[in-house]
Amino acid sequence: MGAHKIRFYPLDIMYKVKNSKPLIYLFGKTAEDKQVCVVDDSFRPYFYVLLKDEDMTDSFCSKVKKIKLEHKNREAAVTDTEITEKKYLGKKRKAVKVYVKIPADVPVIREVIKEWDMIDSINEYDVNYTRRYLIDKGITPLTLVEAEGEMIKLKSRVPCFKADKIEHYSSESIKDPKVFAFDIETYNPAGKRYVPEEHPIIMLAIYGENYRKVLTWKKFKTDKKYIEFADGEVDLINRFKEIIEKNKPDILTGYYSDGFDLPYIITRARHYGIDLDLGLDYSSLNLKKGNRKSIKITGLVHLDVFKFISKIMGRGLDTDSYSLDNVAAEILGEKKIEVEIDGLAKAWDDGTEASLDNFCEYNLKDALLTYKLCLKIFPNIKEMVKIVGLTVYDVSRMSFSQLVEWYIMKQAKDFNEIAPNKPHYDEIGERRKKRYKGAFVFEPKPGLFKDIAVFDFRSLYPTIISSHNIGPSTLQCGCCKEKAEHAPTEDSKYWFCRKKKGFLPSIVEGLITRRMRIKEMLKEKEKDVMLNARSESLKVLANSFYGYLGFFGARWYCFECAESVTAYGRHYIHKVINAAGERGFEVLYSDTDSIFLLLGDQKKEDALKLVENINSKLPGIMELEYEGFYPSGIFVSAKAGKYGAKKKYALLDDKGALKITGFETVRRNWSFIAKEVQEKVLDIVLKERDLQKAVKYVKKTIDDLKDKKIPNEKLEIYTQLKKEIGDYESIGPHVAVAQRMKNKGIDVGPGSLIKYIITEGSGRIRDKAKMKDEVKKGEYDADYYILHQVVPSVERIFDVLGYKKEDLIAGDQSKLGEYF
DNA sequence: ATTCACTGCTTACC
DNA sequence: ACTGGTAAGCAGTGAAC
């Protein structure tokens with residue numbers, strides 16, 4: 001045989017059944033930057049069976065091997081069994097690995113045997129065959145793999161290679177995948193609702209390295225070389241296909257392309273009978289329905305930048321919404337081109353040259369921003385792919401819980417663990433009802449303070465899980481029963497094994513220590529993109545473990561574990577609070593894992609000594625860290641009573657930057673004018689300590705409001721619709737506005753961000769709330785914005801400075817006017 | 001008709 | 001349905017006055 005070797009970076013995986021045999025297709029890029037498809041027919045689908053009585057193993061095996069049944073015109077059969085020594089939730093178990101012919105046989109065979117009396121449980125029957133392949137073979141997408149075999153002929157857009165042997169080669173990963181970004185503009189005359197069945201795609205922009213193009217099909221004069229005129233929409237779609245086929249990108253990216261662009265293109269293509277067979281195996285775009293639709297293109301990676309940013313990276317962003325404009329502004333520091341997009345349909349109808357030209361530029365810019373965003377987030381996705389071990393397509397669409405679960409699934413192979421099953425409907429219901437106590441939050445004393453030192457536990461919950469060996473397999477172990485250390489829950493009824501490290505605590509510890517090593521390396525090269533991305537991915541995973549333990553849908557769900565983690569968390573933060581008190585520090589605030597100390601007449605070094613002392617007593621890898629020193633900070637009282645408001649404070653750091661937490665300033669459902677005033681007041685108070693200046697500023701704003709000088713944009717209030725309009729029991733302003741929008745034919749539903757302004761009039765606030773487009777200049781209700789927005793946002797800050805609340809509000813506005 | 005305690009709802013923090 | 005609990009604070013709701 002003339003077998004030879006190739007090395008490649010896998011990008012996508014799929015399987016097909018041929019002659020009753022499943023074939024794995026790995027699509028990727030060779031080390032020489034050529035596309036390739038590697039085929040492997042050696043991997044057999046299987047699942048595990050645990051028996052009640054292990055002595056029955058042989059009789060089970062012979063019985064199960066006899067199963068043969070007709071299913072959908074073919075014969076489903078067990079091909080083999082294998083007796084394996086595994087671990088299941090901390091116990092050694094003999095597990096029978098049951099092999100079947102093709103993946104689709106797994107549920108068929110399971111259905112037959114699931115009522116058999118001798119069976120304790122059937123496991124891993126729902127593990128997707130391609131994911132199973134990646135895990136079992138130790139193959140990580142984007143990471144160098146070596147295959148041995150020979151080239152074969154198959155119906156495919158890329159050369160195919162039949163592998164006799166395939167294995168992970170090195171951790172070296174793909175360098176610069178070829179990225180093409182695209183974006184469409186559609187004809188939308190009413191400017192309200194997208195109707196893909198009726199309205200054509202009129203522009204389609206594509207952007208890649210050294211490639212830019214806008215396809216459109218209404219001819220007009222232009223000097224832009226990137227504009228290409230197609231002969232109508234059919235031609236536009238076909239050109240799009242051609243361009244992708246010809247340029248062979250590794251990644252096709254869009255912004256919300258799972259939810260809008262590609263479904264739209266699919267609908268239009270279907271309308272004309274065009275086959276969008278862009279898959280490298282000539283398969284069509286595959287729309288995966290479900291709660292959140294997604295679109296897969298076999299062989300190349302369809303990456304919806306919006307999905308990954310909104311699900312995983314969004315936490316770190318300050319933006320109010322995940323619109324392309326906002327996200328690009330924050331991540332890239334670049335905005336979209338400003339156009340009145342509602343005018344596109346008219347410009348299209350009228351054929352207004354200058355206008356269409358401009359819309360093309362706008363279209364291209366969107367594709368460009370998407371392209372840049374994709375390059376920017378790709379290192380993060382790549383590192384997550386390398387850690388979790390699944391494809392870019394999967395990882396970029398996963399939620400936190402799924403990432404954690406698949407990371408555990410991958411580790412389970414190395415730890416020889418069998419995965420527990422997902423809960424069924426009833427079990428989910430039961431789990432969802434259960435609640436447990438969470439973190440401790442210290443009630444602050446309202447006031448303006450000087451010299452504050454802040455400390456926090458480094459990854460509190462993950463380090464607790466590791467240091468106290470918390471996991472389902474170590475819970476209530478028999479070996480420690482007599483002299484166990486109990487978790488500090490209210491009734492102290494749980495303990496965790498102290499003798500043997502559990503599976504989950506081991507892998508959490510692995511994540512933390514790996515990240516510590518990377519942090520160490522980052523000290524040398526701060527800006528290293530790859531290391532930063534890896535550190536971030538490890539952090540995201542470790543931090544999600546605790547939530548995963550308490551998540552109703554988790555395979556490794558463990559209510560007692562989650563409850564114990566927070567109990568230990570409260571225990572340790574209280575220890576720190578007490579120790580600080582004993583050392584003569586006044587504790588200003590604490591939330592979950594952080595503590596704010598007033599230095600008073602002590603020095604920073606004294607506080608650091610305290611931390612050192614605490615650290616010497618902490619178990620395992622737990623550690624309290626110095627977070628920062630703040631020359632000035634303010635805590636305010638809560639609206640509801642005379643107590644200090646939690647989760648609401650502002651600090652001035654030693655570089656002069658203001659750090660605002662929890663205040664209206666950082667909440668999107670407050671008007672910009674109120675947020676602006678509040679931020680300014682905090683700034684003046686903390687930096688300049690000039691009360692009169694702050695008062696003057698507020699007074700000026702109130703006057704401007706009264707004089708109708710404030711533009712509408714500063715008065716918009718954003719509130720998200722979280723469910724169907726009809727499902728609301730209580731109709732708030734945003735729901736009322738959404739209803740009226742819907743009546744007008746505007747497409748709003750769960751997830752829509754409703755923007756409204758309160759206008760003059762009588763009745764409830766919701767009756768005065770109007771969508772922003774309906775409000776003309778100066779039609780706003782000045783009293784509302786003064787009394788319900790601006791004054792409430794600053795009154796408790798002034799309160800701290802000695803002004804009585806009564807003086808500020810005093811019921812009617814005339815008195816308010818007097819004060820300011 | 002007005003007041004008030006309560007609930008629903010959204011969005012923050014960690 | 002797609003990680004957890006803690007918390008603030010709005011507007012609406014409906015019973016008591």
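FYI, side chains are in, hydrogens and waters are out, and symmetry mates aren't considered; it's all heavy atoms of this structure. Everything numeric in this text was worked out from a predicted model, so none of it was measured.
Taking atom CG of A:N543 as the reference point, atom P of C:dG5 lies 17 Å away to the nearest angstrom. If you measure from atom CH2 of A:W406 to atom P of C:dT3, you get 16 Å, rounded to the nearest angstrom. Nucleotide C:dC2 holds its P atom 6 Å from the CZ atom of A:F552, rounded to whole Å. Rounded to a whole Å, the CD atom of A:E443 is 12 Å from the C1' atom of C:dA7. The separation between A:R432 atom CZ and C:dT3 atom C1' is 12 Å, rounded to whole Å. Rounded to whole Å, atom P of C:dC2 lies 11 Å from atom CD1 of A:I428. A:R435 places its CZ atom 12 Å from the P atom of C:dA7, with the value rounded to the nearest Å. Rounded to whole Å, the distance from CZ on A:R570 to C1' on C:dG4 is 13 Å.
Residue A:I731 is in sugar-phosphate contact alone, with no base atom involved, counting any heavy-atom pair closer than 4.0 Å across all strands shown. At a threshold of 4.0 angstrom between heavy atoms, the contacts of A:F440 with the nucleic acid are absent. Within 4.0 Å (heavy atoms only), A:G438 reaches sugar-phosphate atoms of the nucleic acid but no base atom. Contact annotation for A:A562: no contact, since no heavy-atom pair falls under 4.0 Å across all strands. A:G553 comes within 4.0 angstrom of nothing in the nucleic acid, heavy atoms only. A:Y784 comes within contact range of the sugar-phosphate backbone alone, with a heavy-atom separation under 4.0 Å but no base atom that close.
When the side-chain contact (heavy atoms from CB on, under 4.5 Å) test is applied to A:R764, the partners found at least two apart in sequence or on another chain are A:R766, A:D767. A:H571 is linked by a ring pair (Phe, Tyr, Trp, His ring centres under 6.0 Å) to nothing, counting only residues two or more places apart in sequence or in another chain. Partners of A:Y572 according to the ring pair (Phe, Tyr, Trp, His ring centres under 6.0 Å) rule, which considers only residues two or more places apart in sequence or in another chain, are A:H468.
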* Taking protein heavy atoms under 4.0 Å as touching, what does nucleotides 9-14 of chain B look like 5' to 3' if B marks base contact, S marks sugar-phosphate-only contact and - marks none? -> SBBSBS

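Without hydrogens or angle criteria, A:D653 side chain to A:Y630 main chain gives no donor-acceptor distance under 3.5 Å. Within the 3.5 Å criterion, the main-chain N or O of A:V565 finds no donor-acceptor partner in the side chain of A:Y546. With hydrogens and angles ignored, the 3.5 Å screen pairs no side-chain donor or acceptor of A:N286 with any backbone N or O of A:K296.
For A:A638, the side-chain atoms get nearest to C:dG9 when compared with the rest of C:dT13, C:dG5, C:dG9. Here C:dG5 is the nucleotide among C:dA7, C:dG5, C:dC10 with the atom lying nearest to any side-chain atom of A:Y546. Listed nucleotides C:dC10, C:dA7, C:dG12 differ in distance to A:R764; the shortest reach to its side chain belongs to C:dG12.
The phosphate of C:dG9 (OP1 or OP2) has a side-chain N or O of A:R796 nearer than 4.0 angstrom. Within the 4.0 Å cut-off from OP1 or OP2 of C:dC2, not a single side-chain nitrogen or oxygen of A:R431 is found.
The cationic group of A:K445 does not satisfy the cation-pi geometry with A:F635, failing either the under 6.0 Å distance to the six-membered ring centre or the 45° limit from the ring axis. Cation-pi geometry between A:R570 and A:F440 is not satisfied (NZ or CZ under 6.0 Å from the ring centre, within 45° of the ring normal). Relative to the six-membered ring of A:F672, A:K714 misses at least one condition, a distance below 6.0 Å or an angle of at most 45° to the axis.
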At a cut-off of 3.5 Å, list every protein nitrogen or oxygen paired with a nitrogen or oxygen from nucleotides 14-16 of chain C, distance to 0.1 Å.
none

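Taking the charged nitrogens against the carboxylate oxygens, A:R431 and A:E427 do have a contact shorter than 4.0 Å, which makes a salt bridge. Taking the charged nitrogens against the carboxylate oxygens, A:E623 and A:R458 do have a contact shorter than 4.0 Å, which makes a salt bridge. The pair A:E124-A:R132 meets the salt-bridge criterion, with a side-chain N (NZ, NE, NH1 or NH2) lying under 4.0 Å from an Asp/Glu carboxylate O.
Of all heavy-atom pairs between A:K722 and A:Y728, the closest is N-OH, 2.9 Å.
Annotated stems with DNA chain C as a participant read B:2-14 with C:4-16, given as range with range, by first number; only runs of 3 or more Watson-Crick or G-U pairs under 3.5 Å qualify.
C:dC2 and B:dT10 have their P atoms separated by 14 Å, with the value rounded to a whole Å.
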